[in-house]
Amino acid sequence: MSLEPTTESQQEELQAADQSADGNILPTLGKRVREIRDRRGMTRKLVAREAGVSERHLAHLEGGDGNVSIVLLHNIARALNVPLIELLAPETEDTVEKRLIRRFLERLPQHRLEEVVFRLMRDFGHEEAVRRKRIALIGLRGAGKSTLGKRLAQEENMPFVELDREIEKETGIPGREIFSLYGQSGYRRIEKRTLERVLRDNPRAVISVGGGVVSQPESFEMLLSQCMTVWVKAQPEEHMARVMAQGDLRPMAGNDEAMEDLKRILEARLPLYAKADTVLDTSGETVDQSFIKLRQLVLG
Ligand SMILES: Nc1ncnc2c1ncn2[C@@H]1O[C@H](COP(=O)(O)OP(=O)(O)OP(=O)(O)O)[C@@H](O)[C@H]1O
Ligand SMILES: O=C(O)C1=C[C@@H](O)[C@@H](O)[C@H](O)C1
Ligand SMILES: [Mg+2]
């Protein structure tokens, strides 16, 4: 069995576990073993027997003061039927749905899992493959959606669609004027209509979507369900500096509170942007570095 973390999230979990290693590792490990054992409904006696450790040793481990060899830990993980890494990593904040699904699967006997895989593939496999052919980049202004999206589309020979430009084409007026003529809600209405058309016309594309799309639930739901979404983010100061470097001095012109506004908007949108399939943090990185990460995230 390989002990290497295979996915980025596993690597992050291990790093987090590493950071908590300053004295916390044994209590954390003990708590995880106990939690998983309880979740499985297994007695300590049973786990100890299946893992080939004494009950006393296991009790010490669960109490946070028993050091344990990697081989024994491996045996305990096997007895609990979880990958070793799950014992070492702090539990991530899963959604209720993910927890329910996991619990459901844990209770199914091994011989029925093949059927579950088959049904999932049948019911969702195709849809999911289709969804992943459209890559939508979301995030605040200056995140790098257009810069990185255009390059990804070029390299992968896919159409590149800039939703804000499509809205301008659809209405025949610049975005800023749409805002002053129709207001925020008018803009979002047109955006929704335009997004429907773009998705219909482009089964395969890279789409850069204006940062405000998350405030229109129907549009955002459409994006999440029909595209592989990437939240492109940076530090607030970088968003601001990048927008200004592009020659748009409006954010700062006579407005000392611009930075505060930006932080507030980012904070308010965080839970929404966080619904994206994946996150690309461009903080402190060059365009080239972020592009390599993006390609890895979406193409694997
Ligand atoms: N790591 C990075 N990744 C992406 N862009 C970066 C990075 N570092 C600096 N930049 C610069 O930041 C700017 C990002 O602008 P871009 O127009 O791509 O953002 P955007 O997310 O499309 O914004 P908007 O919502 O206004 O359309 C570019 O000028 C780019 O060169
Ligand atoms: O972040 C935002 O609120 C916006 C970003 C732009 O791309 C446009 O979608 C619009 O100007 C709103
Ligand atoms: Mg852009």
Side-chain angles (χ1 to χ4, degrees), residues 135-155 159-171 173-195 198 205-220 222-223 229-252 255 258-274 276 278-298:
I135 295 156
L137 306 184
I138 61 171
L140 278 192
R141 292 199 60 200
K145 304 179 295 289
S146 302
T147 308
L148 299 168
K150 200 180 296 171
R151 194 160 150 189
L152 181 67
Q154 253 162 16
E155 211 169 270
F160 176 64
V161 183
E162 204 45 279
L163 194 65
D164 282 345
R165 295 297 81 73
E166 293 300 312
I167 294 169
E168 291 180 335
K169 274 194 234 161
E170 184 132 337
T171 53
I173 33 181
R176 220 178 313 159
E177 281 180 33
I178 308 176
F179 260 93
S180 49
L181 277 173
Y182 300 103
Q184 161 88 243
S185 60
Y187 190 90
R188 297 292 154 222
R189 236 186 356 260
I190 302 168
E191 182 179 60
K192 177 166 170 273
R193 201 171 65 215
T194 311
L195 182 60
V198 164
V206 180
I207 309 171
S208 171
V209 185
V213 75
V214 292
S215 45
Q216 158 62 263
E218 287 167 14
S219 301
F220 191 37
M222 212 169 7
L223 265 188
T229 46
V230 182
W231 170 22
V232 186
K233 72 170 188 181
Q235 291 303 309
E237 293 75 13
E238 292 172 292
H239 281 285
M240 182 68 84
R242 291 177 189 175
V243 170
M244 289 183 67
Q246 286 175 333
D248 186 350
L249 301 182
R250 275 176 306 150
M252 282 310 210
N255 184 2
M259 195 63 215
E260 287 315 304
D261 285 349
L262 193 146
K263 285 183 180 163
R264 207 172 23 78
I265 293 174
L266 184 56
E267 189 147 335
R269 289 181 182 169
L270 278 185
L272 297 167
Y273 286 148
T278 182
V279 183
L280 174 67
D281 192 348
T282 67
S283 307
E285 291 190 337
T286 64
V287 172
D288 284 347
Q289 286 169 331
S290 296
F291 181 68
I292 291 168
K293 266 169 85 180
L294 173 65
R295 206 172 37 196
Q296 176 66 27
L297 278 176
V298 297

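Basis for what follows: all heavy atoms, side chains included, without hydrogens, waters or symmetry-related copies. When a ligand or atom number is given, it counts from 1 through the structure's own listing order. It should be emphasised that the depicted structure is a prediction, and the values quoted were computed from it without experimental measurement. Numbering of residues begins at 1 and proceeds along the displayed sequence.
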Protein contact of [atom] - nearest heavy atom, named by residue and atom, plus distance:
atom                    : answer
atom 26 (O) of ligand 1 : Arg141 NE, 3.0 Å
atom 4 (C) of ligand 1  : Gly144 CA, 3.7 Å
atom 12 (C) of ligand 2 : Arg188 NH2, 3.2 Å
atom 5 (C) of ligand 2  : Gly211 N, 3.7 Å
atom 31 (O) of ligand 1 : Val287 CG2, 3.7 Å
atom 10 (C) of ligand 2 : Phe179 CE1, 3.5 Å
atom 2 (C) of ligand 2  : Gly212 N, 3.4 Å

Query raised in the report: Between Gln246 and ligand 1, which part of the residue brings a heavy atom under 4.0 Å of the ligand: side chain, backbone, both or neither?
Result: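 Side chain only.
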Under-4.0 Å heavy-atom contact with ligand 1, by part of Val232 that carries it: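 Neither; nothing of Val232 gets under 4.0 Å from ligand 1.
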May I ask which of [options] has a heavy atom nearer to [atom] than the others do?
atom                    : options                : value
atom 1 (N) of ligand 1  : Lys145, Lys150, Glu285 : Glu285
atom 16 (P) of ligand 1 : Ile138, Thr147, Leu148 : Thr147
atom 22 (O) of ligand 1 : Ser146, Ser290, Gly142 : Ser146
atom 11 (C) of ligand 1 : Arg151, Lys233, Arg242 : Arg242

Val161 and Val206, any side-chain heavy atoms less than 4.5 Å apart: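 Result no, sub-4.5 Å side-chain heavy-atom pair not found.
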Q.
Can you confirm whether Leu280 sits close enough to Leu148 that some side-chain heavy atom of one is under 4.5 Å from a side-chain heavy atom of the other?
A.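 They are in side-chain contact.
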Practice task
Spell out, as yes or no, whether a donor-acceptor pair under 3.5 Å connects the side chain of Lys293 to the backbone of Asp281.
Solution key: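 Looks like yes, one N/O pair under 3.5 Å.
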For the side chain of Arg269 and the backbone of Gly139, is there at least one donor-acceptor N/O pair under 3.5 Å apart?
->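 Not at all, since once roles are kept as given, no pair shorter than 3.5 Å links the two residues.
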### Task
Examine Asp164 against ligand 2 and note whether any of their N/O atoms are separated by less than 3.5 Å.
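Yes, there is a polar N/O contact under 3.5 Å.
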Under 6.0 Å between ring centres: does that hold for Tyr187 and Phe179?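 Distance test on ring centres: under 6.0 Å, yes.
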Is the closest side-chain donor-acceptor distance between [X] and [Y] under 3.5 Å?
X      : Y      : result
Ser146 : Glu162 : yes
Glu191 : Ser219 : no
Arg242 : Gln246 : no
Arg189 : Thr194 : no

Could Lys169 and Asp164 be called an ion pair, given the rule that one side-chain N must be under 4.0 Å from one carboxylate O?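 A salt bridge is absent here (no side-chain N lies under 4.0 Å from a carboxylate O).
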Should Arg269 be listed as contacting ligand 2, given a heavy-atom distance under 4.0 Å as the test?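 True for this residue.
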Give a yes/no answer: is there an N/O/S atom of Ser146 under 2.8 Å from the Mg ion (ligand 3)?
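Within the cut-off used here (under 2.8 Å), Ser146 does place an N, O or S atom near the Mg ion (ligand 3).
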